[in-house]
There are 2 protein chains.
Amino acid sequence: MSKNRRPKASQEKRAEIVTVARTLFVDAGYDATSMGRLAAAAGVASNTIYWYFADKDAVLIAVLDDVMADAWDEYQSVAAEPISVRLLWVVRQLQQLSRLVSTVHARAGRSPSVALWHDNFHLQTSSLFRSELEAAGSAADSLDAEVMIGVFAIEGLLMHPLSEERQRTVCDALAARWIPPPL
Amino acid sequence: MSKNRRPKASQEKRAEIVTVARTLFVDAGYDATSMGRLAAAAGVASNTIYWYFADKDAVLIAVLDDVMADAWDEYQSVAAEPISVRLLWVVRQLQQLSRLVSTVHARAGRSPSVALWHDNFHLQTSSLFRSELEAAGSAADSLDAEVMIGVFAIEGLLMHPLSEERQRTVCDALAARWIPPPL
DNA sequence: CGGTCCTCTTGAATGGCATTCAAGCCAATG
DNA sequence: CATTGGCTTGAATGCCATTCAAGAGGACCG
């Protein structure tokens, strides 16, 4: 930063690579997207990507952050709905990411940085989930277990595409467990 | 089969490759186990594996079948226990396979044969689960949803190693949901 | 016994992949 | 205008899954 910089276009190019990688990872999958194809789609040489990212896993993490930032923004639009509606919204929104969910779990076993991202993701979503359940007045004794069951169920829904009807059935059953019985 | 055969040692060698592949896939992971390493550990040339298996995914499927056959055999020893005990047993037994669980989901997106194995696995476990819940007298209206929540929760437990205590908490919470209330 | 067919094994390709290396371009600073 | 450092690249390197062509060697037939 001392002498020379051309910083604007640089960060734009990084963002462009992330955008391209995001569509490729989501549509074709992480394994099916070689650095060569990604580079070609972004209009650069394969090497160039390594100036912006340490390795392919770093690109994955940037894509994950990008995806989650968007998802969080859009979540605000349904934040006031009842929990079963929000659940279904989450599942529908994130279903297009099923490839990414599998990829994160597969890469977490090989890449420490992806493992870290995965752990932090679970910490965040679990704590969000927990305050959700507390606010709904769910039984406090098995709160931990309920949170984990909820997170795992959503992960399962994301990884195993089901018909809309079955998705709603599962979301309703989860919500029914958490909100105090209607009467 | 018409003229010549030396069949005994042949099938033994295939079984030996599966055994070696099983320990490597479980301990090091599918991606981390190259065909070269697998072949070396089995005492053959890399090519030789391709005489017994179509490709690496076929080896994976043979390993999965091997693992599930053993698990099913051992399951008989706890078949008479109450459901929460059996749940915990399943989770503990299969936890060592967490690498395989992630691998199956990752490969299912790329290999039709692994996808088929995965679908059949879910069909079998879901139907097993369903009769379990029916026998326990669980509410029939949301049976589908409960089955899926149970399967997803177990998959989550397998993929995300937790302390024994939290595992038990989750298993108890699942079981409490299914068995008619104690009083 | 000699030939032949089949099962099984292998060394040496082939093509793809992530990643690295060394060299150079080009904008801005001095 | 010369230098410097951000940025780009063609050409390696080394690992990988998979294929190919060639060949052992046992079993059967005559």
Side-chain angles (χ1 to χ4, degrees), chain A residues 1-18 20-21 24-25 28-63 99 103-104 106-114, chain B residues 1-18 20-21 24-25 28-63 99 103-104 106-114:
Chain A
M1 40 174 128
S2 53
K3 208 165 196 188
N4 204 340
R5 55 195 166 119
R6 206 167 1 177
K8 188 152 50 179
S10 170
Q11 288 311 106
E12 280 171 16
K13 191 130 220 165
R14 189 193 142 102
E16 192 188 331
I17 292 175
V18 171
V20 172
L24 287 176
F25 287 175
Y30 177 84
D31 286 336
T33 302
S34 74
M35 293 298 264
R37 260 192 283 276
L38 169 55
V44 296
S46 316
N47 312 347
T48 304
I49 300 178
Y50 287 88
W51 196 88
Y52 294 97
F53 302 94
D55 51 21
K56 199 181 176 185
D57 288 312
V59 180
L60 174 61
I61 289 175
V63 166
R99 278 201 179 83
T103 298
V104 167
R107 291 303 305 164
R110 304 268 284 152
S111 154
S113 51
V114 175
Chain B
M1 41 173 127
S2 53
K3 210 167 198 190
N4 204 337
R5 55 192 166 121
R6 206 168 6 175
K8 187 153 48 179
S10 169
Q11 288 311 107
E12 281 170 17
K13 190 129 221 164
R14 188 193 142 102
E16 192 189 329
I17 293 175
V18 171
V20 172
L24 288 175
F25 286 176
Y30 177 84
D31 286 334
T33 303
S34 73
M35 294 298 263
R37 260 192 282 278
L38 169 54
V44 296
S46 316
N47 311 347
T48 305
I49 301 178
Y50 288 88
W51 195 87
Y52 294 98
F53 303 94
D55 52 22
K56 200 181 175 184
D57 288 312
V59 180
L60 175 61
I61 289 174
V63 166
R99 279 201 179 82
T103 299
V104 166
R107 292 303 305 165
R110 303 269 284 154
S111 153
S113 49
V114 175

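The figures here come from the full heavy-atom set of this structure, side chains too, leaving out hydrogens, waters and symmetry mates. Residue numbers start from 1 in every chain, and the chains themselves are labelled A, B, ... in the order their sequence lines are given, proteins ahead of strands.
Applying the side chain to side chain contact (heavy atoms under 4.5 Å, CB included) test between T103(B) and each of V114(B), D31(B), L60(B) identifies L60(B) as the sole match. The only option from D57(A), L24(A), V104(A) that meets the side chain to side chain contact (heavy atoms under 4.5 Å, CB included) definition with Y30(A) turns out to be D57(A).
Residue A45(B) places its side chain closer to dT10(C) than to any other of dC7(D), dT10(C), dA17(D). Comparing dT8(D), dC8(C), dT10(C) by their closest approach to the side chain of W51(B) singles out dC8(C). Out of dT10(C), dC8(C), dA17(D), the shortest distance to the side chain of S34(B) is found at dA17(D).
Dashed line: the shortest gap from a side-chain N or O of R37(A) to OP1 or OP2 of dG16(C) is not under 4.0 Å. Applying the 4.0 Å criterion to OP1 and OP2 of dC20(D), one finds that Y50(B) has every side-chain N and O outside that range. Remark: S10(A) is in phosphate contact with dC7(D), judged by side-chain N or O atoms under 4.0 Å from OP1 or OP2. Contact between the side-chain N/O atoms of T48(A) and the OP1/OP2 oxygens of dT9(D) is found at a separation under 4.0 Å.
In this structure, D31(A) places its CG atom 13 Å from P of dA17(D), rounding to the nearest Å. As rounded to whole Å, 6 Å separates atom P of dT19(C) from atom CE of M35(A). Whole-Å rounding puts the I49(A) CD1 to dG6(D) P distance at 20 Å. For the pair L24(B) CG and dC16(D) C1', the computed distance is 16 Å after rounding to whole Å. As a whole-Å value, the separation of R14(B) CZ from dT9(C) P is 13 Å. In this structure, the CG atom of L38(A) is 9 Å from the P atom of dA18(C), given to the nearest Å. Spacing between atom CZ of R107(B) and atom P of dA17(D) amounts to 10 Å, rounded to whole angstrom units. In this entry the distance linking CZ of R110(A) with C1' of dA18(C) reads 12 Å, nearest Å.
With values rounded to the nearest 0.5 angstrom, I61(B) atom CD1 is found 10.0 Å from R107(B) atom CZ. With rounding to the nearest 0.5 Å, the separation of OG1 in T33(B) from NZ in K56(B) is 6.5 Å.
Looking at heavy-atom distances under 4.0 Å, Y52(B) makes contact with sugar-phosphate atoms alone, never a base.
Nearest heavy-atom pair, A41(B) versus V20(B), reported as atom, atom and distance to 0.1 Å: CB-CG1, 3.5 Å.
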